[in-house]
Amino acid sequence: MTHSTDAELLQAAKDLLGQHIVMPGFRARIVETEAYGPADPGCHAYRGVTPRTQVMFDKPGLAYTYFTYGNHWMFCVTCLKPGTAGAILIRAAVPIEGHEEMRKRRPKAKKDQDLLNGPGKLCAALQINQSHYALDLTQSNGTLWLETGERPRKIRTGTRIGLAQGKGDLLPWRFWSAEDEPHVSRPLTNP
DNA sequence: AGTGTGATTATCT
DNA sequence: GATAATCACACTT
C-alpha cells in the first residue's frame, strides 16, 4: 500500500536480473523475475503468517521455496525488511555451468534455452526444493546462493503470469532482460 | 503460433 | 473440499 515499499520491492526485482544462481557444479544467470509484495492479493503472504509464508516476513535475501500444482517447485528470494512480506519469484535463467546434468534432469528440453525458461523448469533442472527453504542466499553456503553478475543493458516489463488472485490489477511487476529474450518464459506478452 | 486440458499434492478454508 | 506464482502435450489455425 505504501509507495516507498513498492519502489523497494520493484527495485529488488530489477536488481536480481543478471545475478548468478550458484550451486556446486551449477551456475545460471537470472533473466526474468516477478515481484510479490504486501497488500498484494496475488502474494501468498497476503493473508498473513502461515508455516509456508513465514519466511517472507523474515529478513531479505532468504530463499522462499514452495510446491504447487501437485508437480512443481518455485524459487523466490525475500526482499523487504523483517515484518514486511515481500518476495521475488525467479522465473527464468541462462545456463552457464552444469548443462549436462541439467539435461539429465530435464530430458524433455530440446535446446539449452529450454532448460531454465520457467520457474518450475528452473527448479527441476537445479533440484531446488523444500530443503532450501529459508536458506540465506547472500553468502556462499556451499548449497545454494547468489553472486553479483552482469546487469542487463535494457529491462522490459509486463504483467504477471498465471495468477488466480491479483491479476485484475494488471501490475507491471514482471521484469526481464531484453537481450536475453530467447531464454525468458512464454508468453512474452500477457493480455 | 495459439488454445485447452490433465497431472497431482501441500496448503488453507 | 477447493485451490494453485506450472508444465507438457494434444489439438487447431
Side-chain angles (χ1 to χ4, degrees), chain A residues 5-6 9-10 12-17 21 28 30-58 60 62-80 84-93 95 102-135 137 144 156-176 181-191:
Chain A
T5 296
D6 282 357
L9 180 74
L10 301 185
K14 288 182 268 192
D15 285 346
L16 278 164
L17 292 175
I21 303 168
I30 297 171
V31 293
E32 184 186 1
T33 60
E34 234 171 44
Y36 291 86
D40 174 2
C43 181
H44 293 156
Y46 181 62
R47 296 181 193 284
V49 182
T50 69
R52 182 175 66 159
T53 64
Q54 53 106 349
V55 71
M56 277 197 274
F57 293 86
D58 205 331
L62 305 182
Y64 167 41
T65 58
Y66 67 93
F67 188 72
T68 191
Y69 289 108
N71 290 300
H72 307 290
W73 285 93
M74 299 287 127
F75 173 44
C76 311
V77 182
T78 65
C79 63
L80 297 177
T84 306
I88 309 300
L89 173 66
I90 308 302
R91 291 193 56 86
M102 290 183 201
R103 279 191 166 279
K104 283 186 202 159
R105 297 168 178 183
R106 289 204 19 83
K108 303 204 172 126
K110 292 185 167 43
K111 302 175 277 190
D112 279 357
Q113 70 181 42
D114 299 326
L115 289 170
L116 307 172
N117 66 339
K121 301 177 192 177
L122 185 147
C123 288
L126 298 175
Q127 290 188 342
I128 292 173
N129 54 49
Q130 182 68 276
S131 72
H132 305 287
Y133 186 88
L135 199 63
L137 303 168
L144 167 67
R156 288 202 219 281
T157 68
T159 54
R160 298 182 294 187
I161 302 289
L163 286 110
Q165 307 286 323
K167 58 185 170 191
D169 305 344
L170 294 177
L171 297 169
W173 281 10
R174 179 189 183 204
F175 302 91
W176 67 89
E181 280 190 352
H183 293 268
V184 169
S185 69
R186 258 87 275 260
L188 228 43
T189 56
N190 196 27

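Computed from a predicted model, the values in this text were never measured in an experiment.
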Is there a side-chain contact between R174(A) and I161(A) (heavy atoms, below 4.5 Å)?
yes

Which is more 5' along DNA chain B, the nucleotide nearest N71(A) or the one nearest Q130(A)? Just name the residue.
N71(A)

H183(A) vs L116(A) side-chain heavy atoms within contact, under 4.5 Å:
no

So how far is it from N129(A) CG to H72(A) NE2, rounded to the nearest 0.5 Å?
14.5 Å

Which nucleotide in the set dT11(B), dT6(C), dT13(B) lies at the smallest distance from any side-chain heavy atom of R52(A)?
dT11(B)

Between C1' of dA4(C) and CH2 of W73(A), the distance in whole Å:
14 Å

Between the CZ atom in F75(A) and the CG atom in L137(A), the distance rounded to the nearest 0.5 Å is 5.0 Å

d(OH, Y64(A); P, dT11(B)) in whole Å
9 Å

Of Y64(A), F67(A), Y66(A), the one forming a ring-ring contact (aromatic ring centres under 6.0 Å, His included) with W73(A) is F67(A)

To the nearest Å, give me how far apart CG (L171(A)) and C1' (dA5(C)) are.
13 Å

L115(A) CG - dC7(C) P separation (whole Å):
13 Å

Starting from P on dT6(C), measure out to CZ on F67(A) and report it in whole angstrom.
14 Å

Taking Watson-Crick and G-U wobble contacts under 3.5 angstrom, with | marking pairs to another strand and [ ] crossing pairs, the secondary structure of DNA chain C is written ||||.|||||||.

Roughly, in whole Å, what's the span from CZ in F75(A) to C1' in dT6(C)?
17 Å

Give the rounded distance in Å between these two atoms: CG of L89(A) and P of dA5(C).
10 Å

State, with a plain yes or no, whether a side-chain heavy atom of F175(A) is found less than 4.5 Å away from one of I30(A).
no

Give a yes or no on whether a donor-acceptor pair under 3.5 Å exists between the nucleobase atoms of dA5(C), that is its base, and the side chain of Y66(A).
yes

Ignoring hydrogens and geometry, is there a side-chain-to-backbone donor-acceptor pair from Y36(A) to A45(A) under 3.5 Å?
no

How many whole angstroms separate atom CZ of R91(A) from atom C1' of dC7(C)?
12 Å

With rounding to the nearest 0.5 angstrom, report the CH2 to CG distance, W176(A) to L17(A).
10.5 Å

For nucleotides 8-13 of chain C, which of its nitrogen or oxygen atoms have a protein nitrogen or oxygen under 3.5 Å away, and what is each distance?
| unit_1 | atom_1 | unit_2 | atom_2 | d |
| --- | --- | --- | --- | --- |
| dA8(C) | OP1 | R106(A) | NH1 | 2.8 |

Using a cut-off of 4.0 Å on non-hydrogen atoms, how would the nucleic acid contact of G70(A) be classed: base, sugar-phosphate, or nothing?
base

Counting just side-chain N and O atoms, does H44(A) come under 4.0 Å of either OP1 or OP2 of dT11(B)?
no

Salt-bridge contact R91(A)-E34(A) (side-chain N to carboxylate O under 4.0 Å):
yes

